[in-house]
There are 2 protein chains.
Amino acid sequence: MPIDKVANVLLQWSLVRPDLDCTSMGIIGRVRRTSGEWQKKIDGFFKLKGLSSTEFDILATLRRVNQPATPTEIYRSTMLSSGAVSTNLEKLVQAGWVARTASDEDRRSCKVYLTEQGIALVDDVVTQHVANMDDLLSPLSASEQQQLQQLLEKLMPES
Amino acid sequence: MPIDKVANVLLQWSLVRPDLDCTSMGIIGRVRRTSGEWQKKIDGFFKLKGLSSTEFDILATLRRVNQPATPTEIYRSTMLSSGAVSTNLEKLVQAGWVARTASDEDRRSCKVYLTEQGIALVDDVVTQHVANMDDLLSPLSASEQQQLQQLLEKLMPES
DNA sequence: TATTGTTATACTCTATAACTATA
DNA sequence: TATAGTTATAGAGTATAACAATA
């Protein structure tokens with residue numbers, strides 16, 4: 001194959017719409033394809049561990065903040081809806097990875113924390129996850145990875 | 001705000017798991033966030049035009065290959081299932097943007113083509129879409145955009 | 001009256017496979 | 001028997017909002 005898929009699409013556009021410069025569409029197409037491919041691989045790995053990406057997000061949030069959190073705090077950190085957090089939380093409780101305790105100050109509220117098994121699970125999964133992420137970036141040298149990081153920071157300063 | 005969200009997450013991980021180097025997770029997290037934000041904006045724009053991203057993909061495919069295509073060819077180009085193509089095609093036919101003609105050689109098959117209104121729609125939408133893509137990349141200079149492109153090509157040579 | 005967390009409903013979207021017509 | 005396209009079913013996942021308890 002002489003050229004890749006994105007290049008082929010751009011070539012086709014240049015023939016029917018020579019007035020349009022589709023360079024930016026190509027770059028963004030590549031970002032979206034790359035992100036999509038990665039997402040599939042990441043989802044596949046989590047699935048092997050019995051988790052969805054959403055569930056991992058919740059577990060990882062609890063692990064890295066290193067203290068119990070309320071469901072409200074969790075859905076604000078993860079950008080999930082409150083309903084989605086409750087639903088997923090229930091599964092994680094059933095699995096024995098997290099537990100809830102009633103709040104002392106506010107009896108409407110509760111604190112969610114990782115059980116010992118939950119901590120062990122996250123620590124195991126995240127270690128392998130990071131190794132997988134290293135793998136995904138391995139086509140780039142360390143300095144190229146840093147370049148990429150800087151470009152992304154410029155693109156989305158707030159993220 | 002002293003540091004951005006990704007940097008904050010990495011800082012938190014460094015405190016609870018100092019043994020882990022989460023650099024790659026941060027970079028990939030940025031790519032996924034960026035892609036997700038862009039996707040939302042792109043979907044929003046298409047919605048204004050009365051289209052879903054999937055519908056635009058189908059219309060754009062027909063436009064750039066510049067000739068009628070069978071449903072099978074379409075779903076192979078777009079990576080949708082045959083069922084998804086049929087369903088979406090039906091909506092596009094109802095809207096008057098595409099039409100089907102029976103195939104001469106194979107009476108099981110048909111050719112899908114853009115109507116005049118369909119071509120006008122795609123040409124209008126894709127022109128604005130490209131302008132939007134230019135906007136999304138505008139935080140980067142031309143040479144930085146080229147750098148990004150080259151890094152992405154290295155990461156996903158086949159895409 | 002507002003807020004917390006849960007639950008129930010509805011919606012979007014797709015893949016899968018059953019189905020028909022034809023090869 | 002295999003293939004092209006359509007249709008129907010079911011599934012995953014979420015947001016939304018109704019709800020109960022408390023502030």
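Chain letters run A, B, ... following the sequence lines, proteins first, then strands; residues in each count from 1. Just so you know, these numbers use all the heavy atoms, side chains as well, and skip hydrogens, waters and symmetry mates.
Between the CZ atom of R76(B) and the P atom of dT3(D) there is a distance of 10 Å, rounded to whole Å. Atom CD in E73(A) sits roughly 14 Å away from atom C1' in dT3(C) (whole-Å rounding). What separates CD of Q94(B) from P of dT7(D) is a distance of 10 Å, to the nearest Å. To the nearest angstrom, C1' of dC13(C) lies 9 Å from NZ of K91(B). Whole-Å rounding puts the F46(B) CZ to dC13(C) P distance at 14 Å. One can place CG of L89(B) at 6 Å from P of dT6(D), the figure rounded to the nearest angstrom. For Y75(A) and dG13(D), the OH to P distance is 22 Å, given to the nearest whole Å. Rounded to an integer number of Å, the gap from E90(A) CD to dT7(C) C1' is 11 Å.
Counting only residues at least two apart or in different chains, side-chain hydrogen bond (donor to acceptor under 3.5 Å, both in side chains) contacts with residues 102-112 of chain B comprise D106(B)-R108(B). For residues 68-90 of chain A, the salt bridge (charged side-chain N to carboxylate O under 4.0 Å, His left out) pairs, not counting sequence neighbours, are E90(A)-R100(A). Identified under the side-chain hydrogen bond (donor to acceptor under 3.5 Å, both in side chains) test for residues 129-140 of chain B, with sequence neighbours left out: S24(A)-D134(B). For residues 50-67 of chain B, every residue pair satisfying the salt bridge (charged side-chain N to carboxylate O under 4.0 Å, His left out) rule, not counting sequence neighbours, is listed here: E55(B)-K91(B), R63(B)-D123(B).
With sequence neighbours excluded, the residues forming a side-chain contact (heavy atoms from CB on, under 4.5 Å) with Q147(A) are Q147(B), L151(B), listed by chain and number. Contacts of T87(A) classified as side-chain contact (heavy atoms from CB on, under 4.5 Å), with partners at least two apart in sequence or in another chain: none. Taking R32(B) as the reference, nothing meets the salt bridge (charged side-chain N to carboxylate O under 4.0 Å, His left out) condition, with sequence neighbours excluded.
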Grab the N/O contacts between the protein and nucleotides 14-19 of chain C below 3.5 Å, and write none if there aren't any.
unit_1  : atom_1 : unit_2 : atom_2 : d
dT14(C) : OP1    : T54(B) : OG1    : 2.8
dA15(C) : OP2    : S81(B) : N      : 3.2
dA15(C) : OP2    : S81(B) : OG     : 2.6

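With hydrogens and angles disregarded, a donor-acceptor distance shorter than 3.5 Å links the side chain of Q145(A) to the backbone of L140(A).
Checked by atom type, the side-chain pair S53(B)/D43(B) shows a donor-acceptor distance below 3.5 Å.
Scanning residues 97-111 of chain A for heavy-atom distances under 4.0 Å to DNA chain C yields R100(A), R108(A), S109(A), C110(A).
Backbone-only engagement by T70(A) is indicated by non-hydrogen atom pairs under 4.0 Å involving sugar-phosphate atoms exclusively.
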